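Encoded as structure tokens, the structure appears first; notes follow it.
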Amino acid sequence: MRRSNTRWSGWRAISLIAITYVYFLLFAQFAFLKRLAILGIADAHLKAVMAAMAGGGIFLSLLAPRMVFCPSPPVRVRAGLAACGAAALLTLFPLGLAASIVVAFLIGISLGLLTVSLVTYLPLWLGNDNALLKVGLGTGLGYFI
């Protein structure tokens with residue numbers, strides 16, 4: 001039994017890192033922008049939408065370490081993942097400029113919560129051996145996908 005735990009130690013961290021990279025790189029940076037272009041928002045209003053995403057990310061990145069109402073690391077990461085999923089789902093609706101700004105802000109805050117919570121509590125899921133290798137594997141998988 002102990003041998004099995006050692007072999008599978010860190011798989012959660014590797015998966016969470018890869019998922020976070022895929023969401024950030026493929027969805028937030030490419031798919032959402034493509035969706036905005038399809039909706040006709042990408043030209044003149046792109047700066048406002050991207051500023052909302054950046055503002056939300058910065059805001060919750062600074063707020064996340066001080067959150068006292070949700071002290072559980074797994075719950076924080078789950079909440080970040082759920083918010084990321086909700087933001088992605090909302091982009092399927094026909095969005096106007098105001099709704100796109102709100103969705104961009106939600107993408108930013110959800111990524112802010114997810115990334116800061118994941119990095120802060122990553123040692124809980126990494127295991128005891130080869131932490132740097134596991135982080136590199138998760139990052140590499142994310143970029144590979």
Side-chain angles (χ1 to χ4, degrees), residues 5 7-145:
N5 285 340
R7 183 181 334 154
W8 293 104
S9 173
W11 69 269
R12 258 184 250 158
I14 294 167
S15 299
L16 287 169
I17 292 167
I19 289 165
T20 302
Y21 269 100
V22 167
Y23 181 84
F24 177 71
L25 294 171
L26 290 181
F27 171 72
Q29 297 302 305
F30 293 109
F32 181 61
L33 295 178
K34 178 70 172 173
R35 179 68 175 148
L36 292 176
I38 291 169
L39 295 170
I41 298 172
D43 296 330
H45 304 291
L46 185 60
K47 286 184 182 180
V49 174
M50 296 309 289
M53 187 186 299
I58 292 167
F59 172 72
L60 212 65
S61 292
L62 295 173
L63 184 65
R66 293 160 185 78
M67 292 171 55
V68 294
F69 60 88
C70 183
S72 169
V75 171
R76 281 187 185 200
V77 171
R78 283 187 209 125
L81 288 168
C84 286
L89 184 64
L90 289 174
T91 63
L92 298 175
F93 292 99
L95 304 172
L97 177 59
S100 296
I101 290 172
V102 170
V103 170
F105 186 76
L106 179 59
I107 292 168
I109 62 172
S110 61
L111 269 171
L113 177 62
L114 176 60
T115 55
V116 169
S117 298
L118 181 60
V119 168
T120 302
Y121 300 109
L122 196 57
L124 294 175
W125 299 298
L126 275 174
N128 296 327
D129 300 326
N130 303 314
L132 190 58
L133 177 68
K134 293 171 187 173
V135 170
L137 181 59
T139 303
L141 285 172
Y143 273 99
F144 177 75
I145 292 168

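Keep in mind that what you see is a predicted model, and the values were worked out from it rather than measured. All residue numbers refer to positions in the sequence shown, counting from 1.
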What side-chain donor-acceptor pairs closer than 3.5 Å can you find for residues 81-95, not counting sequence neighbours?
unit_1	atom_1	unit_2	atom_2	d
Thr91	OG1	Ala88	O	2.6

Heavy-atom pair of closest approach, residues [X] and [Y]:
X: Leu33; Y: Ala28; result: CG-O, 4.4 Å
X: Leu141; Y: Ala18; result: CB-CB, 4.0 Å
X: Val49; Y: Ala104; result: O-CB, 3.3 Å
X: Ile41; Y: Ser100; result: CD1-OG, 3.0 Å
X: Leu126; Y: Val135; result: CD2-CG2, 4.0 Å

Is the shortest heavy-atom distance from the side chain of [X] to the side chain of [Y] under 4.5 Å?
X: Tyr23; Y: Ile107; result: yes
X: Thr139; Y: Tyr21; result: yes
X: Trp125; Y: Leu118; result: yes

Find the distance between [atom1] ([X]) and [atom2] ([Y]) and round it off to the nearest 0.5 Å.
X: Leu137; Y: Leu132; atom1: CG; atom2: CG; answer: 11.5 Å
X: Leu36; Y: Phe32; atom1: CG; atom2: CZ; answer: 4.0 Å
X: Phe30; Y: Leu25; atom1: CZ; atom2: CG; answer: 7.0 Å
X: Ser117; Y: Leu113; atom1: OG; atom2: CG; answer: 4.0 Å

Inset, instruction - Please step through side chain to side chain contact (heavy atoms under 4.5 Å, CB included) for the pair Phe24 and Leu111, ending with a clear verdict. - result: CA-CA 8 Å; Phe24 177 71; Leu111 269 171; 3.5 Å; yes
Inset, instruction - Say whether, by atom type as modelled, one donor and one acceptor occur between the side chain of Lys134 and the main chain of Asp129 under 3.5 angstrom. - result: yes
Inset, instruction - Determine, step by step, whether Ile17 and Leu122 satisfy the side chain to side chain contact (heavy atoms under 4.5 Å, CB included) criterion, reporting the C-alpha distance in whole Å, the side-chain angles of both residues, the deciding distance to 0.1 Å, and the verdict. - result: CA-CA 9 Å; Ile17 292 167; Leu122 196 57; 3.9 Å; yes
Residues 50-64 side chain polar contacts: donor-acceptor under 3.5 Å, at least two apart:
unit_1	atom_1	unit_2	atom_2	d
Ser61	OG	Gly57	O	2.6

Inset, instruction - Could I get the full list of side chain to side chain contact (heavy atoms under 4.5 Å, CB included) partners for Leu133, not counting sequence neighbours? - result: Asn130
